[in-house]
2 protein chains.
Amino acid sequence: MMLSKTSEYALRSLMYLALQATKEHKVGIKEISQELDLPMHFTGKILQDLVRKGLVASLKGPNGGFFLNHPASTITIMDVIKVVDGGEAFKRCGLGMNKCSDTHPCPLHEDFKVFRDGLARVFNQKTIHDLVQEVGTGHAFIKNLVEVS
Amino acid sequence: MMLSKTSEYALRSLMYLALQATKEHKVGIKEISQELDLPMHFTGKILQDLVRKGLVASLKGPNGGFFLNHPASTITIMDVIKVVDGGEAFKRCGLGMNKCSDTHPCPLHEDFKVFRDGLARVFNQKTIHDLVQEVGTGHAFIKNLVEVS
DNA sequence: CACATAAAGCATATAAATATCCTTTAATCC
DNA sequence: GGATTAAAGGATATTTATATGCTTTATGTG
């Protein structure tokens with residue numbers, strides 16, 4: 001609702017890379033998509049884009065794959081969102097009005113601003129490193145739970 | 001980013017009805033879409049839907065149009081969102097994971113929850129009446145500012 | 001009753017997001 | 001150098017959200 005699926009996939013893939021990949025041990029699309037339960041080709045597309053934008057590096061061929069181009073502690077959530085969705089999402093009016101500001105507010109402006117800006121602040125501060133730390137300690141998860149039939 | 005355009009249009013249309021329409025003086029699609037700068041036919045569709053769901057009433061023919069079926073003070077923002085987008089938007093995981101809960105959280109869960117639930121609380125409390133009150137006092141606006149060329 | 005008005009209903013168009021497939025290119029291994 | 005592996009690139013498919021147009025039905029007016 002807040003982030004596009006593309007952003008969600010990008011963030012989870014980056015977390016997976018932060019956890020599993022190094023320049024020496026790269027990780028391929030197949031592994032990422034299988035482990036995170038993501039559509040393979042689409043994930044490939046997204047990773048390609050992240051390479052172009054410089055967040056991720058890649059190498060072709062055997063033992064090829066993806067790995068983070070910079071330390072995970074230097075990549076904020078907002079960096080990723082901006083690269084993938086563009087930076088406008090957190091500026092929009094809650095009611096979609098063309099001009100909505102403190103001086104010409106929509107009736108939802110004040111309430112909405114609090115949450116939108118609060119979330120933006122979190123996204124600007126938290127890095128991929130912060131996120132995976134919780135995964136490392138077992139306090140959080142990035143893999144989907146499998147449905148049992 | 002948060003609400004679909006459909007919800008945004010619905011909310012603004014309902015506010016317009018609350019301000020301008022009564023059972024005696026109904027308001028047509030043409031007026032609503034012109035005043036609020038919304039796509040006319042699409043707005044018609046949305047209003048139709050709101051009629052079906054019981055939030056709005058309508059009458060055909062000359063002097064026909066739309067008007068609120070219930071007092072504006074009894075329609076919450078969330079009522080509208082639920083009717084238009086379905087009630088699931090405010091339950092989704094911030095990273096789109098299939099299961100994400102306090103016991104099996106994604107790395108964003110705690111931070112995200114605060115804002116998502118906070119906004120949901122506002123949406124559950126605020127009514128169309130609350131929103132238009134600010135418009136009535138001139139402290140807020142529902143009409144788009146016109147671009148001057 | 002004929003005519004005008006305005007929503008309802010339905011079919012369709014367009015755009016954007018999401019997803020897949022296939023060919024090409026680069027790297028490694030033998 | 002030939003075979004294999006894996007990403008890059010580009011074309012295309014599918015789905016969902018957004019938007020429009022046309023026909024039908026109900027209401028009011030002269």
Side-chain angles (χ1 to χ4, degrees), chain A residues 1-13 17 21 23-34 36-69 81 83-86 88-89 92 96, chain B residues 1-13 17 21 23-34 36-69 81 83-86 88-89 92 96:
Chain A
M1 73 173 188
M2 190 83 229
L3 303 181
S4 66
K5 291 200 184 187
T6 308
S7 287
E8 293 172 356
Y9 296 172
L11 282 166
R12 286 174 66 205
S13 296
L17 290 181
K23 198 164 184 173
E24 289 70 42
H25 175 73
K26 305 169 191 65
V27 168
I29 300 169
K30 197 182 295 180
E31 177 180 337
I32 298 176
S33 58
Q34 276 175 4
L36 298 185
D37 192 20
L38 303 180
M40 185 170 99
H41 295 287
F42 192 40
T43 306
K45 274 277 185 256
I46 296 169
L47 269 295
Q48 253 179 56
D49 197 42
L50 294 178
V51 170
R52 242 175 276 123
K53 303 293 174 53
L55 295 189
V56 167
S58 71
L59 210 69
K60 298 181 182 181
N63 301 315
F66 298 90
F67 58 98
L68 293 187
N69 202 16
I81 295 173
V83 157
V84 172
D85 284 346
E88 299 309 302
R92 270 198 95 229
Chain B
M1 76 174 186
M2 191 81 228
L3 303 181
S4 66
K5 291 201 183 186
T6 309
S7 288
E8 292 172 356
Y9 295 171
L11 282 166
R12 287 174 65 205
S13 296
L17 290 182
K23 197 164 186 172
E24 290 68 42
H25 175 73
K26 305 169 193 66
V27 169
I29 299 170
K30 196 183 294 180
E31 177 180 338
I32 298 176
S33 57
Q34 274 174 5
L36 299 185
D37 191 21
L38 303 180
M40 184 170 101
H41 295 286
F42 191 40
T43 305
K45 274 271 186 261
I46 295 168
L47 269 294
Q48 253 179 56
D49 197 42
L50 293 178
V51 170
R52 240 175 278 121
K53 304 292 173 54
L55 296 188
V56 167
S58 71
L59 210 68
K60 299 181 182 180
N63 301 315
F66 299 91
F67 56 99
L68 294 186
N69 203 14
I81 296 173
V83 157
V84 172
D85 285 346
E88 298 310 301
R92 269 198 98 229

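Computed from a predicted structure; not experimentally measured. First the proteins, then the strands, lettered A, B, ... as listed; each starts at 1.
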K.L.:
In whole Å, I'd like the distance from the NZ atom of B:K53 to the C1' atom of C:dA8.
P.N.:
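So the NZ-C1' distance, B:K53 to C:dA8, works out to 15 Å.
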K.L.:
Given atom NZ of A:K26 and atom C1' of C:dT28, what is their separation to the nearest angstrom?
P.N.:
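About 11 Å, once rounded to whole Å.
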K.L.:
Using the side-chain heavy atoms of A:K60, tell me which of these nucleotides is nearest: C:dT25, D:dA19, C:dA7.
P.N.:
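Out of C:dT25, D:dA19, C:dA7, the nucleotide with an atom closest to A:K60's side chain is C:dT25.
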K.L.:
Looking only at N and O atoms, is any donor in the side chain of A:K45 or the base of D:dG10 less than 3.5 Å from an acceptor on the other one?
P.N.:
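Such a pair exists between side chain and base.
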K.L.:
Which residue lies toward the 5' end of DNA chain D, A:N63 or A:R52, if each is placed at its nearest nucleotide?
P.N.:
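Of the two residues, A:N63 wins.
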K.L.:
Please give, in whole Å, the distance from D:dG9 P to A:H41 NE2?
P.N.:
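It works out to 17 Å between those atoms.
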K.L.:
Measure from the side chain of A:P39, starting at C-beta and using heavy atoms only, and say which of D:dT27, C:dA19, C:dT18 lies closest.
P.N.:
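Between D:dT27, C:dA19, C:dT18, the one nearest the side chain of A:P39 would be C:dA19.
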K.L.:
Send over the distance from B:E8 CD to D:dT18 C1', rounded to a whole Å.
P.N.:
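For the pair B:E8 CD and D:dT18 C1', the rounded distance is 12 Å.
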K.L.:
Does C:dA6 have its OP1 or OP2 closer than 4.0 Å to a side-chain nitrogen or oxygen of B:S58?
P.N.:
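False: B:S58 side-chain N/O out of range (4.0 Å or more) of C:dA6 OP1/OP2.
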K.L.:
Under 4.0 Å, heavy atoms only, any strand: does A:L47 hit a base, just the sugar-phosphate, or nothing?
P.N.:
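Counting heavy atoms under 4.0 Å across all strands, no contact is made by A:L47.
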K.L.:
Within this structure, what is the CZ-to-P distance between B:F67 and C:dA6, rounded to whole angstrom?
P.N.:
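Taking atom P of C:dA6 as the reference, CZ of B:F67 is at 16 Å.
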K.L.:
Please determine, for the side chain of B:F42, which listed nucleotide (D:dT18, C:dG9, C:dT20) has the closest atom?
P.N.:
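Of D:dT18, C:dG9, C:dT20, D:dT18 is nearest to the side chain of B:F42.
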K.L.:
Looking at B:Y9, I'd like to know whether one of its side-chain N or O atoms comes within less than 4.0 Å of OP1 or OP2 on D:dA19.
P.N.:
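Yes.
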K.L.:
Given that A:S4 and A:P62 both sit by DNA chain C, which one's nearest nucleotide is further toward the 5' end?
P.N.:
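On the 5' side of the pair lies A:S4.
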K.L.:
Considering non-hydrogen atoms only, spot the tightest contact between B:A57 and B:V51 and give its length.
P.N.:
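It is C-CG2, 4.3 Å.
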K.L.:
Could you give the CD-to-C1' distance, from A:Q48 to C:dC22, as a whole number of Å?
P.N.:
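Taking atom C1' of C:dC22 as the reference, CD of A:Q48 is at 13 Å.
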K.L.:
Which part of the nucleic acid, if any, lies within reach of B:G65 when heavy atoms closer than 4.0 Å are counted: base, sugar-phosphate only, or nothing?
P.N.:
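Sugar-phosphate contact only.
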K.L.:
Could you tell me which non-hydrogen atom of A:R12 sits nearest to which non-hydrogen atom of A:L36, and how far apart they are?
P.N.:
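Smallest heavy-atom distance, with atoms named: NH2-O, 2.9 Å.
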K.L.:
What's the CG-P distance between B:D85 and D:dT18, to the nearest Å?
P.N.:
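About 8 Å, once rounded to whole Å.
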K.L.:
Of all the heavy-atom pairs spanning A:S33 and A:P39, show the shortest one and how long it is.
P.N.:
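Heavy-atom minimum between the residues: CB-C, 4.4 Å.
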K.L.:
Indicate the atoms forming the closest heavy-atom contact of A:V56 with A:F67, along with that distance.
P.N.:
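Shortest heavy-atom contact: CG1-O, 3.4 Å.
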K.L.:
Only one of A:L50, A:L55, A:L47 passes side-chain contact (heavy atoms from CB on, under 4.5 Å) with A:L17; say which it is.
P.N.:
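The option that passes is A:L47.
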K.L.:
Please report the distance, rounded to the nearest Å, between CD in A:E31 and P in D:dA7.
P.N.:
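Roughly 10 Å, once rounded to whole Å.
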